[in-house]
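Only one structure is covered here, and it is reproduced in the block below.
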Amino acid sequence: MGQLAITGGAPLRSAIYPGRRTMGQAEKQAVIDVMDSDKLSSFFGSPGDQWLGGERVKEFERKWADKYGFKHAISVNSWTTGLMTAVGAVGIEPGDEVICSPYTMSASATAALFYGGIPVFADIDPDTFNITADTIEQVITPRTRAILVVHIFGQAADMDPIMALARKHGIKVIEDAAQAPGVFYKGRPIGAIGDIGGFSLNYHKHVHTGEGGMLVTNDDQVALRAQLIRNHAENLVEAQGVDDLSNMIGSNYRLTELQAAIGSVQLDRLDGYLDHRHKLAQHLSAQLAAIPGFTPPVLAEGAGHAYYCYPVRYDAAVTGIKRELFVRAVNAELPPPVPGEAVPLAQAYVRPLYLAPLYQKKIALGSKGFPWTMQPDVDYRYAKGLCPVTERMHEQEMLLPTVIREPLTTADIDDFVAAIRKVLAHKDELAALA
Ligand SMILES: *Cc1c(COP(=O)(O)O)cnc(C)c1O
């Protein structure tokens, strides 16, 4: 192998990694059928037959629920609004603490804030990157009302101990399975192991409707409250016989018939995507496990993985190359991404959430410090160092190869590994750049 591309040598591969194509003939036909019907949405925000939406919305929800055996599936116009709906449906009130992971998309925590809930962060496990019963227990207080469990990167969190802890303390559990559709935990589909949860259907997720989300729950009461919040609860509570008016200010989080029609077709593709990603992940893990300094994803017992992301731990002390330089050197060996795709190797995921100005300044709703002002005797601290494992993963150890996706093949993965091996074999050349 010749000189490194980053120091002026020829890159290992120049053929582009083809981009994802998500829409096929069946989606096109489904859209045309809705256009022909002229009913792009059939929701009404008032009592009557259509408060739960039109034919395609109902069909999409039934199909999702039946595929996995959920009692209820409730579509929403994004998973961000889905999370807000879930928080409202389980009855979070101003001043209630909601425990969440700091290593997730920002909406996992802001959902609580929209109901005046106060996010409290539990650290992640260094093997699975999920919060655990142990880390959650360390931050439970008499004010804790819910745990928002994120199945990050697509791997199911260890739900049994979390549910036992939650039941012991009388705490609700919401599952953010945005990145983990179709994933099982010990034989049970994730999403509704807790009180309510669900999936994102934005363009970047495994299956999508452009924007969208799907809530799932096995609890009739929680389902009804979620349906009401989705669609102007304030107009519907009497007709639905709902006496508990808490959080029954509804909104409009409705999915259109067009999106639902696309979603029904997309759902049929999900198992194929999951299989494909499993094969690529297995192939990559087998090779990375043989390279000193790399720890491929650790699969916890009974926990399925959707490989929305494929997180690898990197030990610069073993490889002798700083992470940032290593990432640049590997990407230089590989083709630049086609528009809309990420570079082949990314360094870490999002910044730990509590480091954002929102938490540092504690300004969320309005400018006077609400909802933290609901607990005047508690000193909520979101200081650096709050979740040391999260910070270490983010700042030092995590790598996110983005080559685990359709339509890439195991041969594409082999080139990726060859780029890694080439960079490692030339570490002396890199010393000059460091
Ligand atoms: C994508 C995502 C969301 C938000 O979903 P949207 O549909 O984009 O609103 C929330 N949580 C996690 C973990 C996600 O990955």
Side-chain angles (χ1 to χ4, degrees), residues 20 22 60 64 73-88 98-114 117 119 121-122 124 128-131 146-157 159 173-183 190-191 194 196-216 226 229-230 251-256 259-260 262-263 266-267 270 273 277 304-311 340 342 346 348-354 356 358 390 393-394 398 400 402 404-405:
R20 270 189 103 201
T22 60
F60 181 32
W64 198 298
I74 302 157
S75 60
V76 278
N77 63 354
S78 79
W79 180 235
T80 298
T81 58
L83 283 167
M84 290 162 67
T85 302
V87 167
V98 177
I99 295 172
C100 185
S101 170
Y103 215 39
T104 175
M105 199 259 154
S106 60
S108 312
T110 55
L113 285 165
F114 281 107
F121 295 100
I124 60 172
T128 64
F129 313 111
N130 281 318
I131 59 173
I147 303 165
L148 201 148
V149 179
V150 186
H151 304 284
I152 199 68
F153 305 139
Q155 178 165 203
M159 291 302 290
V173 175
I174 298 166
E175 291 176 67
D176 181 348
Q179 305 180 352
V183 166
I190 62 165
I196 186 168
F199 313 94
S200 171
L201 296 169
N202 86 25
Y203 176 72
H204 304 286
K205 299 302 188 335
H206 291 74
V207 292
H208 74 95
T209 55
E211 304 287 352
M214 188 64 85
L215 285 154
V216 292
I229 290 170
R230 168 179 67 176
S251 190
N252 173 350
Y253 300 149
R254 308 176 309 207
L255 203 67
T256 66
Q259 291 168 302
I262 293 170
Q266 285 274 294
L267 185 56
L270 178 56
Y273 292 149
R277 290 184 185 213
H305 206 315
Y307 295 107
Y308 176 69
C309 294
Y310 176 97
Y349 188 53
V350 295
R351 168 177 71 175
L353 294 187
Y354 53 82
L358 158 62
T390 304
M393 291 306 134
H394 185 66
M398 190 176 290
L400 288 180
T402 63
I404 303 288
R405 60 166 174 85

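When a ligand or atom number is given, it counts from 1 through the structure's own listing order.
No donor-acceptor pair closer than 3.5 Å links the side chain of Arg405 to the backbone N or O of Arg277. Of the possible donor and acceptor atoms, none in the side chain of Ser251 sits under 3.5 Å from a partner among the backbone N and O of Tyr253. When atom types are taken as modelled, the side chain of Gln259 and the backbone of Glu211 share a donor-acceptor pair closer than 3.5 angstrom.
Centroid-to-centroid, the aromatic rings of Tyr203 and His208 come within less than 6.0 Å. Taking the six-membered ring where the residue is Trp, the centroids of Tyr354 and Phe121 are separated by under 6.0 Å.
Listed by atom number, the atoms of ligand 1 under 4.0 Å from Gly212 heavy atoms are 7 (O). Of all atoms in ligand 1, listed by their number and element, those nearer than 4.0 Å to a heavy atom of Met105 are 3 (C), 4 (C), 10 (C), 11 (N), 12 (C), 14 (C). Which parts of ligand 1 touch Asn202 is read off a 4.0 Å heavy-atom cut-off, strictly below it: atoms 1 (C), 6 (P), 7 (O), 8 (O). Close approach of ligand 1 to Thr80 is summarised as follows: ligand atoms under 4.0 Å from at least one heavy atom of the residue are 4 (C), 5 (O), 6 (P), 9 (O). Of all atoms in ligand 1, listed by their number and element, those nearer than 4.0 Å to a heavy atom of Ser108 are 11 (N). Proximity to Ser78 (heavy-atom distance under 4.0 Å) selects the following atoms of ligand 1: 7 (O), 9 (O).
The protein atom (non-hydrogen) at minimum distance from atom 7 (O) of ligand 1 is Ser200 OG, 2.7 Å. In this structure, atom 2 (C) of ligand 1 lies nearest to the protein heavy atom Lys205 NZ, 2.9 Å. The shortest contact between atom 15 (O) of ligand 1 and any protein heavy atom is with Gln179 NE2, 2.8 Å. Shortest contact from atom 10 (C) of ligand 1 to any protein heavy atom: Trp79 CD1, 3.5 Å.
Note that CD1 of Ile124 is 4.0 Å distant from OG1 of Thr390, once rounded to the nearest 0.5 Å.
Counting only N and O atoms by type, the side chains of Glu175 and His151 include a donor and acceptor under 3.5 Å apart. A donor-acceptor pair shorter than 3.5 Å can be found between the side chains of His394 and Tyr103. A donor atom on one side chain and an acceptor atom on the other are not found under 3.5 Å apart for Ser101 and Thr104.
Test Thr85, Asn202, Asp176 against Trp79 for side chain to side chain donor-acceptor pair (under 3.5 Å) and you get one pass: Asp176.
Taking only nitrogen or oxygen atoms, main chain and side chain alike, Tyr349 does not reach within less than 3.5 Å of ligand 1. Between Thr104 and ligand 1, no pair of N/O atoms sits closer than 3.5 Å. The shortest N or O to N or O distance between Tyr308 and ligand 1 is not under 3.5 Å.
Distances from atom 13 (C) of ligand 1 to the heavy atoms of Asp176, Leu201, Leu83 put Asp176 nearest.
Heavy atoms of Gly82 stay at 4.0 angstrom or farther from ligand 1. Taking 4.0 Å as the cut-off, Gly213 does not count as a neighbour of ligand 1 on heavy-atom distance.
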